[in-house]
Undergrad: 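Supplied in structure tokens, the structure appears directly below.
Start at 1 and go down the list; that is how both ligands and their atoms are numbered. Both backbone and side-chain heavy atoms feed into the values below; hydrogens, waters and symmetry mates do not.
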Amino acid sequence: MIVLGIESTAHTFGVGIVTDERENFILADVRVKYVPERGGIHPREASRLFAERGPEAVARALREAGVGIRDIDAIAVALGPGMGPCLRVGATIARMLASYYSKPLVPVNHAVAHIEIGLKITGAQDPVVVYLSGGNTAVLAFVKGRYRVFGETLDIALGNLLDTFAREVGLGPPYVVEGMHVVDRCAATGRDFVDLPYVVRGQDVAFSGLLTAAIRAYRRLAPRGKGGDVCLSFREVAYGSILEIAARCLAQTGKREVLLVGGVAASPILRDKLRAFSEFYGVKMHVVPPKYAVDNGVMIAWTGLLAFRCGITIPVEDAVVRQRWRVDEVEVVWRSRGC
Ligand code: FE2
């Protein structure tokens with residue numbers, strides 16, 4: 001079986017082609033990335049780029065895979081969650097391919113896809129999933145047929161938190177330099193802890209108070225050469241609160257593995273922290289390699305393939321985008337039924 005998947009939830013238009021017929025399952029992986037000139041993602045600008053270059057990306061993926069459209073068994077598409085204008089470009093191209101070439105269309109939840117590609121690539125079986133990206137922060141585990149949310153951010157996501165802080169205090173963009181976030185770079189020069197709000201509410205984290213306090217503290221202390229202390233404290237509070245809710249999830253579910261997925265999984269500091277955490281709790285750690293931790297079409301194609309093998313398809317007219325499609329709304333039948 002060969003499935004073509006389209007990702008377009010935020011800054012990346014990705015086209016992946018995968019197969020379940022051989023070990024090396026990735027046949028094509030084409031990415032068009034939108035990089036804002038300044039500030040955060042401008043959804044309309046991103047969607048314009050996707051519309052201009054999306055069709056060529058599909059053609060390039062087919063060439064890379066060495067297959068024709070007739071060899072594709074199904075078209076998978078990320079219908080959410082994400083930014084409306086961006087999502088609509090991917091959905092339009094996927095609907096067009098499905099209807100013009102009479103291919104089944106498979107809806108994919110972007111968050112589920114981050115988890116599935118993590119499981120596929122790392123070989124993790126049944127982990128507590130720590131999902132950290134620009135737009136998402138959640139701790140999840142597979143329980144009773146779904147990836148259940150055991151804790152999440154109540155306001156901003158970790159990636160957005162780090163980037164916004166960096167932008168406000170003038171450390172970025174760019175936010176990542178040689179594989180390390182500018183906040184982590186700045187933190188390397190810190191030594192003393194600055195008091196900042198650490199907010200864990202029930203099972204969830206909240207970062208807006210931390211963001212405001214850290215920006216204020218940086219502006220006050222950086223002129224005195226103590227900017228590094230603020231970066232260090234800011235990062236420790238943010239990462240620490242996430243690991244706390246991950247620890248609770250481990251205790252509640254009794255699972256023996258931890259899997260780090262999402263764009264922020266590329267952070268070497270976070271990986272070190274998770275390693276120490278895993279050793280402390282005696283669980284096995286898995287981290288998705290940076291290339292597949294960020295948004296890509298392969299993860300959509302792979303999750304689409306798993307779903308399609310269980311007969312999940314959607315009529316073209318029903319394939320509308322869902323900007324707030326929650327991960328725990330998806331019945332993960334390929335895991336519960338094993339089809
Ligand atoms: Fe993502």
Undergrad: Sequence neighbours excluded, which residues qualify as side-chain contact (heavy atoms from CB on, under 4.5 Å) partners of R95?
TA: A91, T92, L105, V316, A319
Undergrad: Spell out, as yes or no, whether a donor-acceptor pair under 3.5 Å connects the side chain of D272 to the backbone of I269.
TA: no
Undergrad: Taking atom types as modelled, is there a side-chain donor on D163 or Y175 under 3.5 Å from an acceptor on the other?
TA: no
Undergrad: So, with waters excluded, how many protein N/O/S atoms does the Fe ion (ligand 1) have closer than 2.8 Å?
TA: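 The number of such protein atoms is 3.
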Undergrad: Given the rule in the side-chain contact (heavy atoms from CB on, under 4.5 Å) test, do D295 and H114 qualify, once you have shown the distances and angles that lead to the verdict?
TA: CA-CA 8 Å; D295 294 352; H114 269 298; 3.0 Å; yes
Undergrad: Do NZ/NE/NH1/NH2 and the carboxylate oxygens of R216 and E168 come within less than 4.0 Å?
TA: no
Undergrad: Using a cut-off of 6.0 Å, state whether more than 12 heavy atoms not belonging to R53 lie near its atom CZ.
TA: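 Counting other residues, nucleotides and ligands, CZ of R53 stays at 12 neighbours or fewer.
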